Amino acid sequence: MKGSSRPLVSVVTPVYNGEKYLVQCIASVVGQTYDNWEYFIVNNCSTDRTREIAQDFAGKDGRIHLLDNENFLNALENHNHAFRLISEESKYCKVLHADDYLLPECLQKMVDAAETNPTAGIISSYAIKGTKVREEKLPYPQTFLPGLDVCRSSLLYGSYIFGTTPTSVMMRSDLIRKYDNFYREELWADIEACFEILQSDDFGFVHQVLTYSRVHDERRSSFADRFNTYIVAYLKMLKKYGPLCLSSEEYESLLKKKLKDYYRFLGGSLIDRREKEFWKYHKKELLNLGHPLNRVKLSAASVRSLLSRIFRRVWPY
C-alpha cells in the first residue's frame, strides 16, 4: 500500500547550524521505502547553510516543510516547538536529529511493528551509535513488552531498550499531543518522556538496524560529561518512577545503592579538587533530590577513594 492508505508519520528535525550532516539526514527521509510521511525541519536561527540546504530539499518534495524560528530557542524548547507542528492526521512521530540518519526501511518496519501491536506507544530497534550497534535489545524473536516491564528493567539494570537517543524511537502522535510541552525535564528529557509513555502504554521492537546516531569527539568536553549529570538524571528517574515500577523493597535498596555510588563519585572528585562550579551544581541537585549533601558521607567516601588509589599503585595487578 502507498500514500494515504498507510498511517501518516510525522518526522521532525530541530536543527541549529547542522550543515555538516544535514544533507545525509534529509536524504535518508526522502529515501524511505515508506512514502506516507511529512517532514518538519525547524531551523533555529542557524548562521551556516542549514536553511539553504533544507530549502533546496523542500523545493523538490512537498512533504518537506522548512520552518524558521524568529527567535533562538534552547534545545528543549525547539524540540517542543517541533512536536507542536505535527499534523492532527499524524498517527506516528519520528524524531531525527540533524547529525543522524535513518536506514531505508526504518519507517516501514517501525510502522508495521506499531500496527501489529496497537497498545505500543513506543517502537524501537537495533541502532548504530558511533561505530557500534547498541546492546540494549529484546531477546529474539520477542517484539513486544509491557511498558512497566521496560521501565522496571531500565531502572534495575540500566538497560534502556527503548534507546538512548531520540533518533532510535518512534512514538504514537496522540501521546505527544497530550502535552503542550512533551519534553519537560532538563536532563534526559527524551528518556523521561519514554518513561512517561510506558506508564500506560507498551513497547514494540524491531530486530533490525534501522537508525544511525553520530557520536562527536567534542562531546567528551561537554557539561554533561565534565559534571557527570548522568548520575543525577538517573536518580531523578528513579525517584519519580521507581515507586511506580518497583516493589518498595527494590526501590529502597536501589536508591540506597545509587546514592552510595553518587558519594563514591563525589569522594573521588574531592580528592581531584574539582572546581567551585562542580560542587555548586551537585549540592543543588542533591538538595533538589531531597538528599542534601552529607559532609560526613562525603569525607568517608573520599577516604575510601584515596585508599583505593593507593592500593592500586602499590598492587596494580
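Start at 1 with the first residue, then count along the sequence. This is a predicted model, so every value here is computed, not measured.
- Listed for the Ser46 side chain is no donor-acceptor partner under 3.5 Å among the backbone atoms of Asn43.
- In terms of hydrophobic clustering, with Ile, Leu, Val, Met, Phe, Trp and Tyr side chains grouped at heavy-atom distances under 4.5 Å, Val30 and Met170 are assigned to a common cluster.
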Glu105 and Gln208: CA distance, side-chain angles, deciding distance, side-chain hydrogen bond (donor to acceptor under 3.5 Å, both in side chains) verdict: CA-CA 9 Å; Glu105 291 187 304; Gln208 185 173 329; 2.9 Å; yes
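- Between Pro118 and Arg172, the closest heavy-atom pair is O-NH1, 3.8 Å.
- Under the rule for a side chain to side chain contact (heavy atoms under 4.5 Å, CB included), the partners of Leu103 that lie at least two apart in sequence or sit in another chain are Tyr101, Val209.
- In this structure the side chain of Glu192 reaches within 4.5 angstrom of the side chain of Met237, judged on heavy atoms.
- Between the Asp48 side chain and the Glu19 main chain, a donor and an acceptor come within less than 3.5 Å of each other.
- For residues 140-150, there are no side chain to side chain donor-acceptor pair (under 3.5 Å) pairs, not counting sequence neighbours.
- We find that Lys91 and Glu115 are joined by a salt bridge, their nearest charged nitrogen and carboxylate oxygen being less than 4.0 Å apart.
- Shown here are the side chain to side chain contact (heavy atoms under 4.5 Å, CB included) partners of Glu277, two or more places apart in sequence or in another chain: Phe227, Glu275.
- Scored by the side chain to side chain contact (heavy atoms under 4.5 Å, CB included) test, Lys258 finds Tyr234, Leu235, Leu238, Leu254, Asp261 as partners (sequence neighbours excluded).
- The closest side-chain heavy-atom distance from Val42 to Leu85 is below 4.5 Å.
- Side-chain contact check for Arg214 and Gln24: at least one donor-acceptor pair (N or O, by modelled atom type) lies under 3.5 Å.
- Here the shortest heavy-atom pairing between Ser87 and Ser10 reads N-OG, 4.0 Å.
- Under the 4.5 Å side-chain heavy-atom criterion for Ile, Leu, Val, Met, Phe, Trp and Tyr, Val232 and Leu298 are members of the same hydrophobic cluster.
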Worked check of ring-ring contact (aromatic ring centres under 6.0 Å, His included) between Phe205 and His207: CA-CA 6 Å; Phe205 190 84; His207 290 275; 5.0 Å; yes
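- Checking side-chain atoms of Glu77 against main-chain N and O of Asn74 turns up a donor-acceptor pair under 3.5 Å.
- In this structure the side chain of Arg63 reaches within 4.5 angstrom of the side chain of Asp35, judged on heavy atoms.
- Among the candidates Val150, Val206, Ile161, the single residue satisfying the side-chain contact (heavy atoms from CB on, under 4.5 Å) test with Leu138 is Ile161.
- Under the 4.5 Å side-chain heavy-atom criterion for ILVMFWY residues, a single connected hydrophobic cluster contains both Phe83 and Leu67.
- Listed here is the closest heavy atom pair of Ala120 and Ile123: CB-CD1, 3.9 Å.
- Classification of Asp272 and Arg274 as a salt-bridged pair fails, no side-chain N sitting under 4.0 Å from a carboxylate O.
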Chi angles and distances behind the side chain to side chain contact (heavy atoms under 4.5 Å, CB included) call for Cys106, Thr211: CA-CA 7 Å; Cys106 179; Thr211 65; 3.9 Å; yes
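- Leu73 is not connected to Tyr179 by any chain of hydrophobic side-chain contacts under 4.5 Å among Ile, Leu, Val, Met, Phe, Trp and Tyr, and they are in different clusters.
- Here the closest heavy-atom approach between residue Gly121 and residue Leu175 is recorded as CA-CD1, 3.6 Å.
- Between Lys178 and Asp174, no side-chain nitrogen of the basic residue sits less than 4.0 Å from a carboxylate oxygen of the acidic one, so the salt-bridge criterion is not met.
- The cluster map of Ile, Leu, Val, Met, Phe, Trp and Tyr, joined by side-chain heavy atoms under 4.5 Å apart, puts Leu155 and Tyr230 in the same cluster.
- Shown are Val9, Leu96, Leu66; of these, the side-chain contact (heavy atoms from CB on, under 4.5 Å) with Tyr39 is made only by Leu96.
- With contacts defined as side-chain heavy-atom distances shorter than 4.5 Å, the pair Ser125/Met110 qualifies.
- Contact check for Gln199 versus Cys245: side-chain heavy atoms found under the 4.5 Å cut-off.
- Using a cut-off of 4.0 Å between Lys/Arg side-chain N and Asp/Glu carboxylate O, Glu250 and Arg152 are scored as salt-bridged.
- The backbone N or O of Glu52 lies less than 3.5 Å from no partner atom in the side chain of Asp56, so there is not a single donor-acceptor pair.
- By the 4.0 Å N-to-carboxylate-O rule, Arg6 lies close enough to Asp112 to be salt-bridged with it.
- Ion pairing of Asp68 with Arg51 is present here, as a side-chain N (NZ or NE/NH1/NH2) and a carboxylate O approach within less than 4.0 Å.
- Taking Ile, Leu, Val, Met, Phe, Trp and Tyr as hydrophobic and joining them when side-chain heavy atoms fall under 4.5 Å apart, one finds Tyr16 in a cluster with Phe72.
- Taking both residues in full, the closest heavy atoms of Leu102 and Ser28 are given as N-OG, 3.1 Å, listed atom of the first, atom of the second, then distance.
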Worked verdict on Lys297 versus His291 for side-chain hydrogen bond (donor to acceptor under 3.5 Å, both in side chains): CA-CA 12 Å; Lys297 290 183 178 180; His291 299 273; over 6 Å; no
Working for side-chain hydrogen bond (donor to acceptor under 3.5 Å, both in side chains), residues Tyr241 and Glu196: CA-CA 9 Å; Tyr241 296 103; Glu196 190 68 22; 2.5 Å; yes
Trp188/Phe195 under ring-ring contact (aromatic ring centres under 6.0 Å, His included): CA gap, chis, key distance, verdict: CA-CA 11 Å; Trp188 279 7; Phe195 268 92; 8.6 Å; no
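- Counting heavy atoms from C-beta on, the side chains of Lys239 and Tyr251 come closer than 4.5 Å.
- Lys283 places no side-chain N or O within 3.5 Å of a backbone atom of Pro292 that could act as its donor or acceptor partner.
- Under a 3.5 Å cut-off, the side chain of Glu38 and the backbone N or O of Ile64 do not form any donor-acceptor pair.
- You'll find the side chain of Met171 stays beyond 4.5 Å of the side chain of Lys94, heavy atoms only.
- Within a 6.0 Å sphere centred on NZ of Lys20, other residues, nucleotides and ligands contribute 12 heavy atoms or fewer.
- Across all non-hydrogen atoms, the minimal contact from Gly268 to Ser305 is CA-OG, 3.5 Å.
- Taking the six-membered ring for Trp and the full ring otherwise, the centers of Tyr92 and Trp37 sit at least 6.0 Å from each other.
- Few gaps surround NZ on Lys236; more than 12 heavy atoms of other groups in view lie less than 6.0 Å from it.
- In this structure, the side chains of Lys129 and Val215 come closer than 4.5 Å at one or more pairs of heavy atoms.
- When atom types are taken as modelled, the side chain of Asn80 and the backbone of Phe182 share a donor-acceptor pair closer than 3.5 angstrom.
- Sorted by first and then second residue, the ring-ring contact (aromatic ring centres under 6.0 Å, His included) pairs with a member in residues 255-274 read Tyr262-His282, Phe265-Phe278, Phe265-His282; sequence neighbours excluded.
- In this structure, Ser253 contributes its side chain and Glu249 its backbone to no donor-acceptor pair below 3.5 Å.
- The backbone N or O of Arg184 lies less than 3.5 Å from no partner atom in the side chain of Asn181, so there is not a single donor-acceptor pair.
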Asp202 and Thr119: CA distance, side-chain angles, deciding distance, side-chain hydrogen bond (donor to acceptor under 3.5 Å, both in side chains) verdict: CA-CA 6 Å; Asp202 299 315; Thr119 64; 2.8 Å; yes
